[in-house]
Amino acid sequence: MCGIVGYIGVKDSLNVLIDGLKRLEYRGYDSSGVSLLCKETGNIKTIKKAGKIKDLEDEFKKNKPCKSHAGIAHTRWATHGEPNDVNAHPHGDCFNKISIVHNGIIENYRSLKNYLAGKGHKFVSETDTEVLAHLIEHFYRKDLIDAVKKALLRVEGTYGIVVISSDHPDMLVAARKGSPLVIGRSDNEMFIASDASAIIAHTNQVLYMQDEDVAVLTKNDIELSKVESAKSIDPEFVEIEMTLSQIEKGGYDHFMLKEIFEQPESLRDTEVGRLDKENGTARLNGIKDYFKKLLDADRIVITACGTSWHASLIGKSLIETYTGIPVEVDYASEFRYRNPIITERTVVIVVSQSGETADTLAALREAKSKGASVLGICNVVGSSIARETDAGIYTHAGPEIGVASTKAFTAQVMAFALLAIGLGRKKLLSFEQGLSLINELEKIPGKVNEILHDKNKIESICRKTYKKKNFLYLGRGFNFPVALEGALKLKEISYIHAEGYPAAEMKHGPIALIDENMPALVIALKDSIYEKIISNIKEIKARKGYVIAIANKGDKEIKDIADDVIYIPETKEEFSPILSIIPLQLIAYKIAVMRGLDVDMPRNLAKSVTVE
Ligand code: M6R
C-alpha cells in the first residue's frame, strides 16, 4: 500500500528519502515521488514518476536535485486516478508553496474540490490528496500548523499526512487518522514514515502517532498536539525491537524465500515462554484477563482477511475440538456489512499480520460498537489493530516483507493452537492430553526444519508444472484451509489460476475440470480421513488427472496412486497444517521464479491493504 517517508536534519535529504522509499517497496506501489525544500532557492522541488523507484532516481539525476536537508516522499498504490506521473504524490497547492504526501482516503473530496474550484483553485490531478493540499492553502495565513488543522477538521475519511511549506523550511507537519505514522529521532535529525522499516537504519527511538495527533518536527524537536486542540502532549519515544538484518534479504534471492526458511525460528518465537509443561497447558499472559470471558462465551467469532482468514479457519477447528465452544469465522470485509449478531457473551477475535488492514480494523470497530470484547492475534507490535483490541496475542514472527504471507500464517496457526490448548484445559482436555499437545507443539519447529532441508521432489515437480494454466488444491478437515492457502499463494505470485476445495466437494462440480492439464495438489496425510482422501485421489486418477500428493513419511500406499509425492513428518492431525503448508509455499515460490516473475512485488498487490 502507499508509503510515506519524511526527513529533516543535516544530511542530504534526497538520499535519506530514496533509501526510505526503497525499504517500503515491499508494500506494493505503482508510482513514487519526492518534494525537497531547497536550501539555496528556498523553493520546493518536486519530482514524481510512474513505475519503479529506479525511474524516479533516474529522473532526479537528469534534473539535478537541489541541496536540501528536509523533504517528503511517497510510494503510491492507485485508488483515485490511474497510476501516472501527475497522480503520483507529493501534491501541491496553486503556487508551489505547499507540498503534501498522504496515505488514506478523503471521502468527501468531490464536494471539497467543487468548493475550492469555485474559489479559483486549479487542480491538475484526479486524486483526493491534491484537494487536501489546496484546502490547506485555502486556510493558510502564514501559520502552517493552523492551516493543516483547519483543513483536517473539514475532511471525512482517513489520513496519514506529512506537509512541507517553502515559508517554513525548518519544519515538517504530520497528522494521522486511521493511517499509521511513526516518528524516529536521532541527533540533529527527525524521520517520519508510514512503516518503521523505512527509518530503522537511522534510529531505534520511535514514537507511534495516535489518531488525531498532529506533530511538528524540526531537526531537534517535536511538538505534539491534537487536531482539535492546541494543548501540547508529551511525546513518548520507545525503543523499537526491529533490527536492520530482519528487514534485509540476508543472502536469499527473495524476502519470500527468506521468510519461508525463517519458519523454524519464527515458530519458536511464537511458542517461547508459552509452553507450560508443569500444568500441561499454554500460558498466554496477554489475554489472561479475558480468559473467563472466553470460557463463558456463547460464541467466538473470528474475523480476518486473506491468509489470516485461512489461519482463522484452522483456529476455529482447534478451539471447537478442545473446548466445545462454537466458533464462527467471517471475512472482515463482510462482517461489518451484515449486521452481525453479537451478544454480551460473544467474544470477537481479529487476526492480522500487519495490524493495519482496513477491513479488519473496521470489523474490530463494528464489534466493539456492538459491545463485544475484542481480542487480537497480531504480528506487528504497536499496530492499529494491536492498539485498538482489548487484549491480544502477538505472534512474534518478526517483520514479514514478502507480499505473499508465509511465516505469519504458520505463526497464526501456532497462536491459535496455544489459545485452544489454554482454553481446552479448562474445558475438555485432561492434564495428560494438554501435556502431550504441548510436547508435540515443541517439536513442530524442528519438523518444519526437516521439510525445508529435505531434498524432496519439489524442484522437479515445479519443472513439470510451471507452464500450466490451472491448478486444483484439495484437502479435508484441518487441511482444507491449507488447500485454500496453497492456492492463494500460487495465484498471488505466479498469476496461475488455482482453486482450493474440500477434497470431497470436488465431485460436486470441479471434477468436470479434471484432465491431464490440470495438476491436483492433494494433502493426503495419515489422519482420521486418510481413506476418504485416497478415494478422492482415485477419482482424479480415473479421469486422467495428474496428482501431486503431500503425504506422511512412511506412507507406501500413496506412491502407487499419486503421480508424485512430497513427504512430510507426522504430527498430530490438528497441528498438521503448519507442516503441510511448507511444501505448498515452496511450490508457489519456485513456480513464480521459473516463470520469471517478481516474487516479492507481485502485480496489483499491496502488503497491507489499508483501503476498504
Ligand atoms: O495483514 P493482514 O494479515 O491483515 O493481511 C490480510 C491479507 O491482506 C493478506 O493475508 C493477503 O491475503 C496476503 N497477501 C496473502 O499472502
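In listed order, ligands and their atoms are each counted from 1.
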Original post:
What do you reckon, is NZ of Lys467 surrounded by more than 12 foreign heavy atoms closer than 6.0 Å?
Top reply: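 Counting neighbours around NZ of Lys467, 12 or fewer heavy atoms of other residues, nucleotides or ligands fall under 6.0 Å, so no.
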Original post:
Would you say Tyr208 has more than 12 foreign heavy atoms packed within less than 6.0 Å of its OH?
Top reply: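 Counting other residues, nucleotides and ligands, OH of Tyr208 exceeds 12 neighbours.
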Residue [X] vicinity, atoms of ligand 1 by number, heavy atom under 4.0 Å:
X: Ser308; result: 2 (P), 3 (O), 10 (O)
X: Gln353; result: 1 (O), 2 (P), 3 (O), 4 (O)
X: Lys489; result: 15 (C), 16 (O)
X: Ala404; result: 16 (O)
X: Ser354; result: 1 (O), 2 (P), 4 (O)
X: Thr307; result: 10 (O), 12 (O), 15 (C), 16 (O)

**OP:** Flag the pair Tyr473 / Ile523 as yes when at least one side-chain heavy-atom distance between them is below 4.5 Å, and no otherwise.
**Re:**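 Answer no - side chains too far apart.
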**OP:** Consider every N or O of Gln412 and every N or O of ligand 1, then say whether any pair is closer than 3.5 Å.
**Re:**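 N/O-N/O distance under 3.5 Å: no.
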Original post:
Is the shortest N/O to N/O distance between Thr357 and ligand 1 below 3.5 Å?
Top reply: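 Yes; the residue has a nitrogen or oxygen that sits under 3.5 Å from a nitrogen or oxygen of the ligand.
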Among all the protein's non-hydrogen atoms, which is closest to [atom], and how far away is it?
atom: atom 8 (O) of ligand 1; value: Val609 CG2, 4.2 Å
atom: atom 12 (O) of ligand 1; value: Gly306 CA, 3.3 Å
atom: atom 16 (O) of ligand 1; value: Glu492 OE1, 2.6 Å

Original post:
Of the non-hydrogen atoms in Ser194 and Leu24, which two are nearest, and what is the gap between them?
Top reply: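 Closest pair (atom of Ser194, atom of Leu24, distance): OG-CD1, 3.9 Å.
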Subject >> Contact check, Val403 vs ligand 1, heavy-atom distance below 4.0 Å >> reply: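 It does, in that a heavy atom of Val403 comes within the 4.0 Å cut-off of ligand 1.
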Subject >> Glu356 contact mode with ligand 1 (heavy-atom cut-off under 4.0 Å) >> reply: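 Neither part.
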Original post:
Is the side chain of Gln263 donor-acceptor paired with the backbone N or O of Val448 at a distance under 3.5 Å, no angle test?
Top reply: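 Looks like no, no N/O pair under 3.5 Å.
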Original post:
Hey, is the main chain of Ile401 close enough, under 3.5 Å, to the side chain of Glu259 for a donor-acceptor pair?
Top reply: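 Indeed, once roles are kept as given, a pair shorter than 3.5 Å links the two residues.
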Are [X] and [Y] close enough that their ring centres sit under 6.0 Å apart?
X: Tyr159; Y: His102; result: no
X: Phe261; Y: His453; result: yes
X: Tyr589; Y: His254; result: yes

Original post:
Which is closest to atom 7 (C) of ligand 1 by heavy-atom distance: Cys305, Ala304, Ala311?
Top reply: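 Minimum heavy-atom distance to atom 7 (C) of ligand 1 goes to Cys305.
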